[in-house]
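These numbers come from the heavy atoms of this one structure, side chains and all, not from hydrogens, waters or symmetry mates.
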Amino acid sequence: MKKILILIAFIFIAHYTNAQQSAIVDTLNGWLTVGVKEEVIISQLGLPDSQTAPEVWGFTGNKYYYLRYDDLGLTVLIEDDTRCASVYAIEVNSKSFFSTSRDVSIGDSRNHVREQYGDLENFYEEKDVIIINTIYEGTFFVFQNDTLTKILLGSLAD
C-alpha cells in the first residue's frame with residue numbers, strides 16, 4: 001500500500017510540474033510555439049504576407065527575421081543559427097483563430113486570463129500585462145482597458 005501511495009504522489013508531482021512548465025512558453029492552437037521549425041509554420045499557414053531582411057544579432061551571431069501573416073494577426077520572429085531556422089518569439093495582435101493551451105484568445109477579459117493562468121507558480125500581474133515566468137522567457141498577455149490585445153510568446157528582453 002505504501003508503494004502505491006508513493007507512486008500516486010510521484011505521478012501527481014510530475015503532472016503538476018509538467019503543467020507548470022508547459023505554460024512558461026505557451027503553445028498556440030496546439031502546435032505553434034518557440035522552437036517550431038520555419039518549414040512547419042509554412043506548411044501549416046502557407047507563405048507569409050511579408051518577411052523582413054535577415055539581421056545578425058551580435059550577442060548570438062545568428063540571423064533573425066520576421067514572418068508576418070497580416071490576415072492572421074500573427075508575427076513570428078525566426079532565429080536561423082545555420083543548422084535550422086526556428087521560432088524565437090511569437091506575437092498575436094488581433095482577433096484571429098489563435099488561442100493558447102488554456103483557451104485564451106485576443107479580446108478576452110483580464111479576469112478570464114487570471115482564471116486560466118492564476119494557478120501557475122510564476123504568475124505576475126502588472127498594470128497592463130500578465131507575465132507567466134520572466135521577461136527573458138515566458139508568455140505575456142497585454143491589455144488595454146482590461147481587454148486582451150496582444151499575446152507574446154518567447155522573450156521580451158534580449
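For T52, there are no side chain to side chain donor-acceptor pair (under 3.5 Å) partners at least two apart in sequence or on another chain. Take I106 and apply the side chain to side chain contact (heavy atoms under 4.5 Å, CB included) test, not counting sequence neighbours, and it matches V92, L148, I151. D80 is linked by a side chain to side chain donor-acceptor pair (under 3.5 Å) to nothing, counting only residues two or more places apart in sequence or in another chain. Every residue meeting the side chain to side chain contact (heavy atoms under 4.5 Å, CB included) condition with T134, not counting sequence neighbours, appears here in chain and number order: Y136. By the side chain to side chain donor-acceptor pair (under 3.5 Å) test, E91 is found to be paired with N93, residues two or more places apart in sequence or in another chain being considered. Listed by chain and number, the residues in a side chain to side chain contact (heavy atoms under 4.5 Å, CB included) with V34 are V25 (sequence neighbours excluded).
Atom-to-atom distance recorded for L28:CG and I90:CD1 is 5.5 Å, nearest 0.5 angstrom. F140 CZ to I130 CD1: the interatomic distance, rounded to the nearest 0.5 Å, is 12.5 Å. For the atom pair I132 CD1 and E121 CD, the distance stands at 11.5 Å (nearest 0.5 Å). Expressed to the nearest 0.5 Å, how far NZ of K95 lies from CZ of F98 amounts to 13.0 Å.
Among residue pairs with one or both ends in residues 104-115, those qualifying as side-chain hydrogen bond (donor to acceptor under 3.5 Å, both in side chains) are R110-E125, R110-D146, N111-R114, R114-E125; sequence neighbours excluded. For the side-chain hydrogen bond (donor to acceptor under 3.5 Å, both in side chains) condition, the pairs that include at least one residue of residues 33-51, sequence neighbours left out, are E38-Y65.
In summary, of the residues considered (Y64, W57, Y88), a side chain to side chain donor-acceptor pair (under 3.5 Å) with E79 occurs for Y64 alone.
The shortest distance between side-chain heavy atoms of I78 and V87 falls below 4.5 Å.
By the 30° and 60° cut-offs, the orientation of the rings of F141 relative to Y117 is tilted.
Minimum interatomic distance between N133 and Y124 (heavy atoms only, all atoms of both residues): O-CE1, 3.0 Å. Of all heavy-atom pairs between D26 and S101, the closest is OD1-OG, 2.6 Å.
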Could you go through residues 67-76 and list every donor-acceptor pair under 3.5 Å that involves a side-chain atom there, pairing it with any protein atom two or more places apart or in another chain?
unit_1: Y69; atom_1: OH; unit_2: G46; atom_2: O; d: 2.6

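When atom types are taken as modelled, the side chain of N122 and the backbone of I24 share no donor-acceptor pair closer than 3.5 angstrom. A distance-only check finds a donor-acceptor pair linking the side chain of D81 to the backbone of R83 [under 3.5 Å].
By the neighbour-count criterion of 12 heavy atoms within 6.0 Å, atom CZ of F123 is densely surrounded, having more than that number from other residues, nucleotides or ligands.
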Exercise for review: Go through the steps for V104 and S99 under the test side chain to side chain contact (heavy atoms under 4.5 Å, CB included), then give the verdict.
Suggested key: CA-CA 5 Å; V104 168; S99 63; over 6 Å; no
Practice item. In sequence, state the C-alpha distance, the side-chain angles, and the governing distance for W31 and V40, and then conclude on side chain to side chain contact (heavy atoms under 4.5 Å, CB included). Key: CA-CA 9 Å; W31 69 274; V40 172; 4.1 Å; yes
**Study point:** Steps toward side chain to side chain contact (heavy atoms under 4.5 Å, CB included) verdict (R102, D119)
**Key:** CA-CA 12 Å; R102 294 189 176 203; D119 65 321; 2.6 Å; yes
